[in-house]
Amino acid sequence: SPDAAVLDLRMPDISGLALLRVLRRGPRLEDIPVIVVSANGLPSHIQDGLDAGAWMCLTKPVSFLDLKKAVEKVIAEAD
């Protein structure tokens, strides 16, 4: 299993929220920390990600350093 996942809300074949909901239903993947990234920073979109099971939501543009820190944080919290 991965240590963490980063999902964009807008993906070509399935939305990030739909994929997150699938992950949360699977017994092997339900506890993986997930960071949702979106170009839309509306509070309702952020709340949708958190309600679906994201550990953190980031708004684009996200710098590499900020993304790296976020991934390190959720992995540390998962341990």
Side-chain angles (χ1 to χ4, degrees):
S1 294
D3 293 327
V6 178
L7 302 176
D8 195 322
L9 290 183
R10 287 188 172 191
M11 299 191 307
D13 296 324
I14 183 172
S15 77
L17 284 181
L19 180 56
L20 179 54
R21 290 181 182 114
V22 169
L23 291 175
R24 293 299 176 236
R25 287 193 305 255
R28 290 182 4 154
L29 304 174
E30 65 186 346
D31 294 326
I32 293 172
V34 174
I35 299 169
V36 170
V37 180
S38 175
N40 190 332
L42 289 175
S44 61
H45 286 196
I46 292 169
Q47 192 60 52
D48 288 344
L50 296 172
D51 289 346
W55 286 37
M56 184 181 295
C57 295
L58 301 175
T59 302
K60 292 180 187 177
V62 179
S63 72
F64 174 77
L65 184 58
D66 288 341
L67 181 58
K68 181 178 181 281
K69 286 179 184 178
V71 170
E72 289 170 345
K73 180 178 178 179
V74 297
I75 289 173
E77 289 175 359
D79 287 338

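This is a predicted model, so every value here is computed, not measured. Nothing fancy with the numbering, it's 1 onward along the sequence.
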| said: Do Met56 and Val71 sit in one hydrophobic cluster, given that two such residues count as connected whenever their side-chain heavy atoms are within less than 4.5 Å of each other, even indirectly? | reply: yes
For residues 72-79, which side-chain N or O atoms pair as donor and acceptor with protein atoms under 3.5 Å away, sequence neighbours left out?
{"residue": "Glu72", "atom": "OE2", "partner": "Lys68", "partner atom": "NZ", "Å": "2.8"}

| Hphob cluster co-occupancy, Leu50 + Leu23, side-chain heavy atoms under 4.5 angstrom | no
| field | Side chain proximity check, Thr59 to His45, heavy atoms < 4.5 angstrom | value | no
| said: Would you say Val22 ends up clustered with Val34 if hydrophobic residues are merged whenever their side chains have heavy atoms under 4.5 Å apart, either directly or through other cluster members? | reply: no
| Atom of Gly53, atom of Arg24 and distance for their closest heavy-atom approach | O-NH2, 2.9 Å
| Under the criterion side chain to side chain contact (heavy atoms under 4.5 Å, CB included), which of Ile14, Val36, Leu9 is the partner of Leu20? | Val36
| message | Once rounded to the nearest 0.5 Å, what's the spacing between atom CG of Leu17 and atom CZ of Arg10? | response | 12.0 Å
| query | When hydrophobic residues are tied together by side-chain contacts of less than 4.5 Å, even through go-betweens, does Ile32 share a cluster with Ile35? | reply | no
| remark: Rounded to the nearest 0.5 Å, the CD atom of Glu30 sits from the OG atom of Ser1 at a distance of 10.5 Å
| note | Taken to the nearest 0.5 Å, the spacing of Asn40 CG from Ser38 OG works out to 5.0 Å
| request: Report whether Leu19 and Leu58 are members of the same hydrophobic cluster (ILVMFWY, side-chain heavy atoms less than 4.5 Å apart, transitive linking). | output: no
| note | The salt bridge (Lys or Arg N to Asp or Glu O under 4.0 Å) partners of Asp8 (sequence neighbours excluded) come to Lys60
